[in-house]
Structure formats: C-alpha cells, structure tokens
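Data first, discussion second: the structure below is written as structure tokens.
Per chain, numbering begins at 1; letters A, B, ... match sequence-line order. Because only heavy atoms are used, hydrogens play no part in the values below, and waters and symmetry mates are left out as well, while side chains stay in. Keep in mind the model is a prediction, meaning the values are calculated, not measured.
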Amino acid sequence: MNHPEPAPDLYHPSEIEAKWQETWDREGTNVVPTDRLRAPDRPFYNLMMFPYPSAEGLHVGNIYAFAGADVHGRFHRLQGKDVFEPIGFDAFGIHSENFALKMGLHPMDLIPRNVANFTRQLRRIGGMFDWKHTVDTTTPEYYRWTQWLFLQLYKGGLAERKEAPVNWCPSCMTVLANEQVQGGHCERCDSAVEQRRIAQWFFGISKFAPRLLENLATLDWSDTTRKAQENWIGRSEGAILRFADANGAGSRAGAAAEGVTRGGSGGEAGAEIGVVEVFTTRPDTIFGATWMVLAPEHPLVDHFTTDEQRAEVDAYRSTAAKTDLVARKKTDKTKTGVFTGGHCVNPATGRPIPVWISDYVLMEYGTGAIMAVPGHDERDFEFATLFGLPIPRVVAGEGQDADTPLTEAWTGSGRMVNSAPFDGLEVDEAKRAITEWLAGKGAGELTVNYRLHDWCISRQRYWGPPIPIVYCDGCGAVPVPEDQLPVVLPRVEDFKPDDSGVSPLARVAEWYETTCPDCGGDARRETDVSDTFLDSAWYFLRYPSTDVDDAPFDPGITKAWLPVDSYIGGNEHAVLHLLYSRFITMALHDLGHLDFEEPFTRFRAHGLIVKDGAKMSKSKGNVVVPDPIIEEYGADTFRLYLMFLGPFEEGGDYRDAGIAGPWGFLKRLWDTVVPVEELSGEAPDPAVERKLHRTIAQVTRQLPELGYNTSIAALMEYLNAVRAGGRQARRGEVEALVPMIAPFCPHLAEELWARLGNRGSIFSGANWPGFDPALCIEDTVTVAVQVNGKVRATLELPRGSSEDDALAAARAEENVTRFLEGAELRRIIYVQDRLLNLVAT
RNA sequence: GCCGGGGUGGUGAAACGGUAGACACAGGGGACUUAAAAUCCCUUGGGAGUAACCUCCCGUGCGGGUUCGAAUCCCGCCCCCGGCACCA
C-alpha cells in the first residue's frame with residue numbers, strides 16, 4: 001500500500017564537492033581567458049602568497065591563508081568583477097634541497113611529485129584558482145626570466161659583485177642575506193651564523209631605502225607589516241663627523257689603510273687616509289667624546305695600531321673573527337676592547353683622544369666607528385667604567401649642572417655644558433649648531449643613516465637559477481646575452497654543498513666551462529645560484545602573462561591588471577619577500593619596464609592558527625592534519641570553520657570539537673533549502689525580511705574588510721531566525737543566503753543555487769544580493785532605562801520616540817520609580833532609540 | 001630597551017563611549033529511540049534573595065582619572081604574543 005520512502009536527500013559534501021570541482025574545471029569557471037586578460041572590464045587581481053611545495057603537503061596554516069584570500073576573491077567576483085586568482089609554486093631553494101638530500105632523492109624528481117600533491121590538495125579545498133596561469137619557479141620557462149631580471153639589474157648598475165663580510169650558515173653551507181639572519185641564527189635551520197669574507201653578488205636595495213620608507217605611508221597595508229618594514233629600513237638622523245689622526249695622516253710607515261667603508265650606503269664612500277668617520281645621532285655631545293672605538297674589522301685598525309700594541313690588537317681581532325654572530329651580538333656580556341696605541345684629534349676640543357677597538361661597534365652599521373661619549377651613552381659609560389676612561393658631562397638635564405656627578409649615562413634632554421661656545425643651548429639646537437660649526441671646519445655634516453643593507457643574492461648551493469654571468473680571462477665578468485637564456489641548471493647527481501664557499505656546480509667542469517660571449521675565448525660560468533627570494537620577488541608579474549613566451553610580462557596585460565589589488569599573506573615575510581618585491585618593482589620601474597613603483601596596493605597580514613594556545617609544531621605534537629577533516633566534513637565546512645575561529649587578521653585557536661558548529665549550520669542550511677518544492681512561495685515574513693536586509697547590509701560591509709567571523713555569525717543568527725521555533729522557511733527568506741555563504745562554501749552554494757533552479761555557476765554573474773536600507777530599520781526599538789548609570793528596565797518603544805514619551809514610559813516602570821523614590825531628578829540623558837539615563841540624587 | 005598587537009564566561013570569541021558576553025564549542029536538563037548516534041527543544045558569567053513572575057549585588061589583567069555613563073578614552077603598572085635590538 002505504501003510507496004517505498006524516497007532516500008532522504010542528505011548533505012553529502014564529498015559528492016557535491018567533487019562534482020563542482022569537476023564542473024569548474026570542465027567549464028573553465030575560474031580561468032580568465034587570454035582575451036579577457038588583455039581587455040578586462042573590472043579587473044581585480046586577488047593575490048595570495050604562493051606556497052613552497054613541501055613533501056608533507058598543505059598544512060592548516062596554508063589552508064587558512066588561502067581560504068581567507070579565496071573568500072575575498074569570490075566576494076569580489078559575486079560583485080561582478082573580473083577576478084584573477086592565480087596560484088603557483090615557490091619550489092627552488094635550500095629547504096627543498098635539504099629535504100631531497102635527507103631522503104636521498106634528486107630535487108628534479110622530488111619537486112614535481114610535491115607539486116602534483118599540492119595541486120591535488122589546492123583543488124580539493126575549493127580555491128578559485130586559475131590553473132591555466134600558474135607558475136613553478138623551477139621550470140626553465142620561469143627562471144629564464146628570473147635570470148633576465150638579474151641582467152636588467154646588472155645593466156642598471158644595481159647588481160654588483162663585491163667582497164664583503166657576509167653571513168655564512170655553517171649548516172646550510174651558504175651565505176645568507178641579512179634578512180635571512182634572525183637574531184644571529186639562520187632563518188632556515190637555526191644554526192648560529194658566522195661571518196666570512198667572500199666575493200658575492202649584491203643588489204643595490206640600500207639606494208632605495210629612502211623611497212622604500214617614504215612610500216610606506218601611501219600604501220594600504222596592515223600596520224604591523226608597515227611597522228616591521230619601517231624598523232628594518234631603520235632611518236636615523238644624525239651626522240657624519242671626521243676625526244683626524246693625531247700624528248697626521250699617513251705618518252705611520254707601512255700603514256695600509258683603505259679608507260672608510262660605509263656599511264649603510266653601499267660602501268662606495270672613500271675618505272682621506274688616516275681620518276676616521278663616525279656616524280652619530282648625538283653630534284651635540286662631541287665635546288664629551290673622550291676616545292674613539294673602531295670595529296675590529298675596520299680598515300683603519302692597522303693604520304692606528306702601534307708596534308707595542310700590535311700583538312694584543314691582532315689577538316683581539318682574530319678572536320672576534322672566530323666568534324659567531326649570536327655570541328658576538330649578545331648584549332648581556334661584559335664589554336671587551338683593546339687600545340690600538342693610536343690617537344685622533346677631537347675636532348671640537350682639539351685634544352688628542354685614544355683609538356680603541358671593540359666588538360660592541362659593528363662594522364655593518366654606520367661607518368663601523370664611533371666617537372665614545374661615556375657621559376651620555378649607556379654603552380660607552382659601561383666601557384669607560386670598565387677601562388677607567390674619563391666621563392665628562394656635556395649635557396645637564398633638569399636640576400643638573402655642569403658639575404653634577406654622573407653615576408650613569410644621561411641620555412635625556414637638557415642644555416649643553418662644558419661645551420665652550422655652545423653652553424646653554426638645548427640639545428636639539430646644539431645638534432644643528434655644532435654640526436654646522438664642524439662642517440665649517442670640514443669636520444662633518446648632517447646626514448641620514450639607514451640600517452638597510454644591500455641584498456646578498458648569491459648562494460653556494462645547487463637548487464636555484466644559475467646567475468647568468470660568465471667570467472672571461474680577457475673580458476672579466478660578462479653577462480650572458482638575453483637571447484641565450486635560460487642558463488639551464490644541469491641535472492647533477494652529486495649536489496651536496498660543502499664548506500668550500502663555492503657551489504656544487506663548481507665541481508661540474510662540463511657545465512661551467514664555456515666560451516666568452518664577447519671574445520669567444522675560454523671562459524667559466526658563475527657557479528653560484530640566486531636566492532629563492534629573487535624567484536618570489538616578481539612572480540606576481542608573471543602570472544597574468546604566462547601565455548606570453550617572448551617577455552617576462554606583457555605590457556598591455558600588466559597595465560590592465562597591476563598593481564595587485566589585494567594581497568593577503570603571512571607577516572613572517574614582512575621584511576623578506578614583501579620588501580624584496582617592492583624593491584624589484586621599484587627597480588623595474590626606474591629601468592623603464594613598469595609604469596608603477598609599488599606592486600601591492602593593498603596588503604593584509606592574516607593571523608596565525610594556533611592549537612591549545614601554542615604554535616603548531618611536530619615536536620609539540622599539536623599539528624592538525626587537514627585531509628582527514630576534509631574527508632569527514634568536506635572542504636566547505638573546514639573553510640567555514642577556519643574563517644569562524646576568530647578575526648582573520650588575528651588568527652585563532654583551533655579546537656577539534658569546534659567544527660561541529662559550522663558543520664551543523666551547513667546541514668541546517670541544506671535541510672532548509674533543499675526540499676525546494678516545499679519552500680513556500682509566500683512573501684517573506686516582514687520581521688524576517690527586515691532581519692534579512694540587516695544581515696545583507698552587515699555582511700556586505702564586513703566581508704571586504706575581512707570581517708569573516710562576525711559575518712558568519714550574522715548568517716547563523718539569520719538562519720536561526722528563519723527556523724525559530726521550527727518554523728517553515730519561505731523561498732524569499734532563504735534565497736539570498738546562498739550567494740552570501742558562497743565565498744566561504746563555494747561547492748554547497750553552487751549546489752543550492754542549481755537546485756533553486758538557476759542556470760550556470762553562481763560565480764558567473766554579479767549574484768551578490770542587494771538590500772533596502774529602509775528595510776534595515778526596525779519599527780520598534782529596545783531602549784535601556786538607567787538610573788544613575790545602572791540599567792533598571794528596558795522599554796519597547798516606536799522608533800524615533802521623543803524624550804518625553806520615553807520618560808513617560810520609563811516612569812511607568814515600577815523598577816525605575818523604585819530607584820527614583822525620595823531622590824531628586826537632576827538630569828536626563830536621552831540617546832534616541834538607545835538609552836535613557838536618569839540622574840538623581 | 002624600543003616599536004606593534006593583545007589580556008573579556010569552562011573554551012573560541014562579540015560589543016559606533018550607551019542593556020557586557022552576539023555567534024559557536026563544551027557542560028546540564030528534556031524530546032525522539034529498545035538503546036546509542038544523529039537531530040530537535042530548554043538552560044548555562046559568579047554570588048544572593050524569592051513559592052514564583054522576577055529582583056539585587058559583583059564582574060572585561062591591576063591601580064588611578066575623565067564622563068550622566070568606560071571593555072572601549074587618558075595616566076601609571078603587570079602579564080602574553082610578534083618585530084627590531086651593543087643600530088652609535
């Protein structure tokens with residue numbers, strides 16, 4: 001008699017997700033075709049930091065970042081923009097190489113495997129990626145242009161090979177850029193970094209320091225990121241002051257002084273022999289400078305060292321040279337130093353002062369030499385106390401005078417004392433006055449110093465793009481002609497690095513032996529490869545132009561799509577990738593290849609996902625493995641949960657049980673919409689409709705600001721209202737939920753969209769719902785009634801009620817009158833539609 | 001030391017200077033079930049009072065301040081996270 005019950009139409013994420021991923025691929029839903037790239041209507045370049053394809057696969061942190069950026073891209077797409085959302089692989093570099101070594105595999109075999117696995121996972125999480133425009137930095141088609149980039153900088157005078165003290169990681173057996181040294185440790189492997197003097201290729205980023213700093217103010221970037229770059233660039237105003245040898249320049253026989261190298265400005269500045277240049281932010285205190293300190297590596301050390309002191313000086317220098325950066329830069333150790341025997345003349349006092357060397361002065365900052373002012377610098381004070389050097393006072397603060405004893409360095413403000421004609425000037429006035437006075441004597445000038453150094457880009461490793469330079473005995477360093485690019489990285493089975501300071505490629509004679517492009521004579525290829533951060537410093541320029549093979553980026557396409565509209569990524573790259581990308585863009589702009597100089601109009605740093613309040617790590621055993629979760633709940637639920645955890649820009653604490661909330665919500669949404677025939681066609685309930693419009697308004701406002709967690713909460717709240725007390729949903733009440741959930745849960749949204757009878761992808765048009773501001777307003781409002789700031793009652797009043805009406809209603813509340821009894825009403829504060837505060841005594 | 005960002009229930013978190021704890025998780029109670037799972041409903045900051053509808057007191061790291069009113073603004077501390085750090 002009864003028909004078999006039809007199989008209940010339940011939410012099965014794995015089925016619908018696979019179905020829609022196939023559909024997207026088949027229909028090319030996420031691809032921006034070449035003609036569209038050339039002529040977009042409303043282009044929106046939605047960029048996220050491309051991953052490094054590890055063997056472990058995508059981790060939750062990756063998925064969090066990609067999901068958050070994907071939500072952003074999908075939202076803009078639903079608003080009718082042409083969204084270009086590419087992804088690729090940053091697959092060169094030491095990390096991959098080390099892993100290959102560990103596994104006994106070759107990176108050329110390993111990387112494609114990892115890339116394939118990552119691709120599978122990236123598709124599975126439902127990213128709106130344009131797979132037709134992807135990059136893999138290890139392919140010759142890509143690194144050909146990385147090499148091209150090197151040549152442009154070389155031709156532009158921004159790439160230079162020079163010998164300088166560089167950071168050497170004894171474990172990775174390669175040099176590192178300053179940005180890759182974190183607190184004296186290798187960013188990659190955490191080993192203590194040593195200093196070596198090897199000839200390296202440098203990019204002249206320090207020339208751009210002022211612009212890189214100034215432009216920051218014009219960028220719509222996360223504050224934290226801007227601050228990190230600001231700190232890193234490290235502008236400080238001060239003066240260069242010159243202290244001449246007390247014995248006269250060059251008087252000491254055999255002194256092989258090379259002059260002064262300025263660390264911060266590229267080292268091109270020379271100086272008179274025997275004159276020490278110092279950088280100081282306190283030129284006002286020069287009358288209190290009672291000795292000089294040179295860094296142990298300073299080129300003038302030999303010049304000043306007397307025969308009597310030579311043994312001691314040499315011993316100190318060789319100890320310093322052997323100390324790694326961690327030990328060297330430790331701030332809590334007792335200061336050490338050695339007197340060279342030489343003296344300089346203080347240009348202010350005319351008196352000779354001794355020249356010391358000490359490792360608390362760093363060759364890499366300023367000029368590598370300081371004037372020591374013990375009275376007004378904490379470090380110099382400590383040094384003077386230790387070695388019994390005089391500590392005169394030249395600044396007197398409030399309540400101090402020229403003779404107030406110094407028990408510690410006075411670094412505050414005040415007036416000059418013991419400074420001949422400048423006594424009585426305020427510190428700030430004295431800085432300028434004294435520097436001008438010294439400048440008149442040729443002893444100094446005001447200047448600005450930056451701590452940003454040139455970018456060391458050569459690596460003595462195998463897994464990177466060979467630097468396209470050839471060394472010819474006759475012609476010297478010769479760039480490889482652009483039409484001979486790429487210089488292909490050969491497959492070398494023995495790619496293990498060693499301590500020699502040269503790349504494994506230097507063992508492959510058949511590769512490095514070549515002929516000079518200029519004279520045709522015997523020549524040798526550069527065997528160093530370039531830094532991975534060079535690969536990633538320009539990848540966003542390549543994405544839209546991957547269809548172009550005769551240029552790194554097509555001018556027309558680039559003009560249409562760049563700079564990048566939205567870039568979302570981790571703040572760990574604030575001073576690495578993001579700074580390098582800005583520099584490369586600025587350099588390409590100056591060299592005439594780009595018409596903009598900042599690559600990323602808007603950048604947002606996402607937060608960090610932690611587990612149990614701690615960073616996820618293998619050693620803590622709190623790593624969340626994504627695949628089983630996606631298996632069980634589907635990508636949509638996983639994405640939704642990650643975005644629901646907390647504010648996207650602050651991260652969140654992942655708890656396994658928490659996924660039940662978003663999962664239940666999606667099931668409820670499914671159950672509400674899917675019996676499509678049962679949905680009532682009646683007009684929406686007026687109260688529900690008002691809530692709907694308010695929800696649309698809120699989500700429309702919050703989504704572009706990455707307010708994901710509160711948007712999701714609003715959607716949940718709305719669905720709760722639709723279903724309140726088990727009520728039946730009407731079609732007009734739920735239809736708009738589908739596009740609103742779509743950025744978070746694209747597969748589910750497509751399925752519901754189709755089941756509601758729509759044709760084509762929900763993302764193929766401007767399907768974001770609109771709202772009527774008039775409908776966002778409730779007729780009645782809840783007004784809190786306070787007596788002396790404490791809530792005693794709440795009133796339901798018509799919107800826009802007058803103060804008198806509100807007061808009358810409040811007086812009718814027993815709980816209000818109770819508190820007003822026997823008191824005098826002194827003041828009434830009325831905030832319409834919000835609150836009534838009765839102040840009584 | 002300097003520069004950012006934080007500190008709110010058992011937990012993740014909400015809150016234009018205007019009813020602190022939205023939305024969830026976990027917990028408690030109930031419905032359905034032979035039972036469980038799933039689902040649904042109610043409840044849940046702490047304390048006190050009341051037969052009950054309810055009402056009161058306390059409460060946003062600590063101490064002050066501004067204000068009719070402060071998680072929010074100001075001053076001084078403490079703690080956590082991130083960046084820089086012998087930077088002259």
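Annotation for A/E803: atom CD counts as buried by contact number, over 12 foreign heavy atoms lying within 6.0 Å.
Regarding contacts with the backbone of B/C56, a side-chain N or O of A/N815 is found under 4.0 angstrom from either OP1 or OP2. One finds a side-chain N or O of A/R451 lying less than 4.0 angstrom from the OP1 or OP2 phosphate oxygen of B/A85. For the OP1/OP2 pair of B/C58 and a distance below 4.0 Å, the side-chain nitrogens and oxygens of A/K790 include at least one atom meeting the criterion. An OP1 or OP2 oxygen of B/A24 is reached within less than 4.0 angstrom by a side-chain nitrogen or oxygen of A/N720. Side-chain nitrogen and oxygen atoms of A/N709 include at least one within less than 4.0 Å of the OP1 or OP2 phosphate oxygen of B/A14. Put simply, A/R235 has no side-chain N or O that comes within less than 4.0 Å of OP1 or OP2 on B/C87. Under 4.0 angstrom from either OP1 or OP2 of B/C68 there lies at least one side-chain N or O belonging to A/R827. For the pair A/R792 and B/C57, the criterion of a side-chain N or O lying under 4.0 Å from OP1 or OP2 is met.
The pairing partner recorded for B/G82 is B/C3, the criterion being a Watson-Crick or G-U wobble arrangement whose two distances lie under 3.5 angstrom. Shown here, B/G9 forms no base pair; nothing in the strands shown gives a Watson-Crick or G-U wobble contact with both key distances under 3.5 Å. In this structure, B/G69 makes no Watson-Crick or G-U wobble pair, since no nucleotide meets both defining distances under 3.5 angstrom. If you check B/C16 for Watson-Crick or wobble pairing at under 3.5 angstrom, you find it has no partner at all. For B/C56, the paired base is B/G47 (Watson-Crick or G-U wobble, both distances below 3.5 Å). In a base pair of the Watson-Crick type (N1 to N3 plus N6-O4 or O6-N4) or a G-U wobble (N1-O2 and O6-N3), with each distance short of 3.5 Å, B/U34 is matched with no nucleotide.
Nucleotides B/C87 and B/C74, compared at atom P, are 30 Å apart to the nearest Å.
In the set B/C87, B/G69, B/A88, B/G69 carries the atom at the smallest distance from any side-chain atom of A/N837. The side chain of A/A657 lies closest to B/C25, out of B/C25, B/C56, B/A88. You'll find that the side chain of A/Y360 is closest to B/C86, out of B/C86, B/C84, B/C40. Residue A/K227 has its side chain nearest to B/G4 when only B/C16, B/G4, B/C56 are considered. Comparing B/G18, B/A14, B/C84 against the side chain of A/P647 picks out B/A14 as the nearest.
In this structure, a donor-acceptor pair under 3.5 Å is absent between the side chains of A/S711 and A/Q698.
A/F381 comes within contact range of no nucleotide atom at all, as no heavy-atom separation falls under 4.0 Å.
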